Amino acid sequence: MKKILITGGAGYIASHTNLELLKGDFELVLIDNFCNSCAESIKRIEELSGRTVKFHQINLMDTQALDAVFTLEPDIDSVIHFAALKAVGESVEIPLAYYTNNITGSLNLYQAMKNHGVRKIVFSSSATVYGDPVTIPVTENAPVQATNPYGQTKAMMEQILIDTAHAENWDIAILRYFNPVGAHESGRIGEDPSYPNNLLPFVSQVAAGIREKVVIFGDDWDTPDGTGVRDYIHVVDLAKAHVKSIEKLASSKGVHIYNIGTGRGYSVLEMVKAFEDACGHSIAYQVGPRRSGDIAEVTGDTNKAEAELGWTAELGLKHMVDSAWKWQSMNPNGYKKISTS
Ligand code: UFG
């Protein structure tokens, strides 16, 4: 059984990836500092999979604690590195915190891997590294030109890994996610935002009556209905791409970079309408000004992932919104217990 270390192991994408890995011949060691996640997701992963995982509550800034995990688990085969601060707007307000946490945390992880002879890693990157691409669907060869500190940290974490892979003979897969949405079909794990930064968690909370209305950030973009277009991908499809990547690194050396999306774009209005169908009632919205830093449209060319990983997104828009609504309905407070007092 291959042992995989998962950083940020209690988070949204990690929890779905863990479940997919636990269907196979993998043993998991999770680390997380719970700055943006909670232990309940780990408990639910164990319940859903019928398996146990190892867990260490540590911060990647704590080099001694990190080293101790590698010492305790000497047979780690590979790492999946999810841990990072991830809110674009916040990264503009507190860039130093983002650079410190994401870059130093990653450097510490890569150094610990080197110290302990672990040379395989799947890195959680983002389509945000493309900034506002000239051609869409964007391919992996497009220039990296992130436009905000969060995106810059992802681009830097990629570059540090690529340089290390070349110098140290590491085998790495960099996955550039488009817009992950949806939840596990059980409704037991999903995205648990304290304050939603992204469209679908916000729409879910409006549909549930937690928030009054969705503000659409501009309807004067150069798109068919004037609202922003994105390549939304079901988080379970995204999770499966990680399993394929781990399998790929077992036989394929060097640096691999893949777009992980569907290649199909939906507008904000299309997403709101699809969510209305999922929840069975109308969702209040109003058009507001454009959000600073937004772009009109981005979709990903996923041919490379399909050809080299044998992976393709299978779950369409209906699965995305239905599962997001199921998660929202079953967990109105996210992973927090509803107070009965
Ligand atoms: N939007 C609204 N109202 C909202 C929230 C979003 O109209 O309340 C619109 C945005 O303007 C955009 C679309 O919905 O057109 C999607 O916005 P998100 O904030 O959900 O996602 P982004 O595409 O801006 O960014 C997301 C992640 C990034 C990641 C990027 C990859 O937040 O971390 O996708 O493309 F890098």
Side-chain angles (χ1 to χ4, degrees), residues 8 11-13 36 82 84-92 98 102 123-133 136-138 140 142 144-158 174-182 191 193 195-207 210-233 235 238 258-275 283-302 317 320-321 324:
Y12 170 48
I13 299 169
N36 192 21
F82 290 106
L85 296 177
K86 60 174 186 177
V88 174
E90 187 182 63
S91 79
V92 177
Y98 270 67
N102 292 1
F123 176 60
S124 164
S125 189
S126 166
T128 196
V129 300
Y130 296 121
D132 191 355
I136 52 169
V138 63
E140 291 86 352
V144 167
Q145 45 184 18
T147 55
N148 57 68
Y150 160 74
Q152 296 285 9
T153 68
K154 286 285 174 185
M156 288 177 192
M157 287 144 85
E158 280 193 1
I174 290 171
L175 304 186
R176 292 178 177 158
Y177 313 154
F178 283 75
N179 290 57
V181 292
E191 188 168 11
Y195 185 86
N197 289 298
N198 298 112
L199 178 66
L200 221 61
F202 211 97
V203 172
S204 302
Q205 293 192 355
V206 174
I210 297 168
R211 293 181 195 282
E212 194 192 335
K213 61 185 173 224
V214 179
V215 177
I216 295 182
F217 298 146
D219 66 353
D220 56 352
W221 297 96
D222 184 15
T223 59
D225 67 17
T227 66
V229 170
R230 297 290 183 274
D231 182 344
Y232 295 93
I233 174 160
V235 67
L238 179 55
Y258 300 112
N259 285 340
I260 305 295
T262 67
R264 162 81 157 94
Y266 290 102
S267 74
V268 177
L269 276 174
E270 285 176 312
M271 295 305 284
V272 172
K273 296 289 172 212
F275 213 94
I283 293 172
Y285 68 83
Q286 82 177 43
V287 176
R290 289 182 177 192
R291 181 172 63 178
S292 153
D294 262 355
I295 57 175
E297 181 168 2
V298 63
T299 55
D301 181 321
T302 57
L317 181 59
M320 298 181 202
V321 290

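These numbers come from a predicted model, not from an experiment. Any value given below was found using the heavy atoms of this structure, including those in side chains, with hydrogens, waters and symmetry copies removed. Counting starts at 1 for both ligands and their atoms, following the listed order.
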**Study point:** Closest candidate by heavy atom, reference atom 21 (O) of ligand 1, pool Leu269, Asn179, Val138
**Key:** Asn179
Exercise for review: May I ask you to list the atoms of ligand 1 that are less than 4.0 angstrom from any heavy atom of Thr128?
Suggested key: 31 (C), 36 (F)
Practice item. Please identify which atoms of ligand 1 are closer than 4.0 Å to at least one heavy atom of Asn197. Key: 19 (O)
Practice item. Indicate yes or no: does an N/O atom of Val215 lie under 3.5 Å from an N/O atom of ligand 1? Key: yes
Check your understanding: Under 4.0 Å from any heavy atom of Arg291, which atoms of ligand 1 are there?
Key -> 10 (C), 17 (O), 18 (P), 19 (O), 24 (O)
Check your understanding: Tell me, which protein residue and heavy-atom name are nearest atom 23 (O) of ligand 1, and how many Å apart are they?
Key -> Arg230 NE, 2.7 Å
Practice item. Check whether any N or O atom of Tyr177, backbone or side chain, sits under 3.5 Å from an N or O atom of ligand 1, and answer yes or no. Key: no
Practice item. Please report the closest heavy-atom contact between Val321 and Ala274, naming both atoms and the distance. Key: CG2-O, 3.7 Å
Point to revise | Atoms in ligand 1 with a heavy atom of Ser126 nearer than 4.0 Å | key: 29 (C), 31 (C), 36 (F)
Practice item. Determine, using heavy atoms of Tyr285 and all atoms of ligand 1, whether some pair is separated by less than 4.0 Å. Key: no
Exercise for review: Say whether Thr262 and Tyr232, considering side chains only, have a donor N or O and an acceptor N or O under 3.5 Å apart.
Suggested key: no
Review point. Do ligand 1 and Phe217 have nitrogen or oxygen atoms that lie under 3.5 Å from each other?
Key: yes
Exercise for review: Could you tell me which atoms of ligand 1, counted from 1 in the order shown, lie closer than 4.0 angstrom to a heavy atom of Tyr150?
Suggested key: 33 (O), 36 (F)
Review point. Between Tyr98 and Glu90, does any side-chain donor sit less than 3.5 Å from a side-chain acceptor?
Key: yes
Practice item. Please check if the side chain of Asn36 supplies one atom and the backbone of Leu85 the other of a donor-acceptor pair under 3.5 Å. Key: no
Check your understanding: Given the rule in the side chain to side chain contact (heavy atoms under 4.5 Å, CB included) test, do Ser91 and Lys86 qualify, once you have shown the distances and angles that lead to the verdict?
Key -> CA-CA 8 Å; Ser91 79; Lys86 60 174 186 177; over 6 Å; no
Check your understanding: Considering only heavy atoms, which of Ile216, Asn198, Leu199 lies nearest to atom 27 (C) of ligand 1?
Key -> Asn198
Exercise for review: May I have the step-by-step check of side chain to side chain contact (heavy atoms under 4.5 Å, CB included) for Tyr266 and Val181, ending in yes or no?
Suggested key: CA-CA 12 Å; Tyr266 290 102; Val181 292; over 6 Å; no
Exercise for review: State the OG-CD distance between Ser267 and Glu297, to the nearest 0.5 angstrom.
Suggested key: 9.5 Å
Practice item. Taking Asp219 for its side chain and Val287 for its backbone only, find out whether a donor-acceptor pair lies under 3.5 Å. Key: no
Review point. Among protein heavy atoms, which lies nearest atom 9 (C) of ligand 1, and at what distance?
Key: Val268 CG2, 3.6 Å
Practice item. Specify side chain, backbone, both or neither for Tyr232, according to which of its non-hydrogen atoms lie closer than 4.0 Å to ligand 1. Key: side chain
Check your understanding: By number and element, which atoms of ligand 1 are closer than 4.0 Å to a non-hydrogen atom of Ala127?
Key -> 31 (C), 35 (O)
Exercise for review: Please could you name the atoms of ligand 1 that Asp294 approaches to less than 4.0 Å, counting only its heavy atoms?
Suggested key: 10 (C), 11 (O), 24 (O)
Check your understanding: Got more than 12 heavy atoms from elsewhere within 6.0 Å of OH, Tyr285?
Key -> no
Check your understanding: For the side chain to side chain contact (heavy atoms under 4.5 Å, CB included) test, which of Ile13, Asn198, Val235 pairs with Glu191?
Key -> Asn198
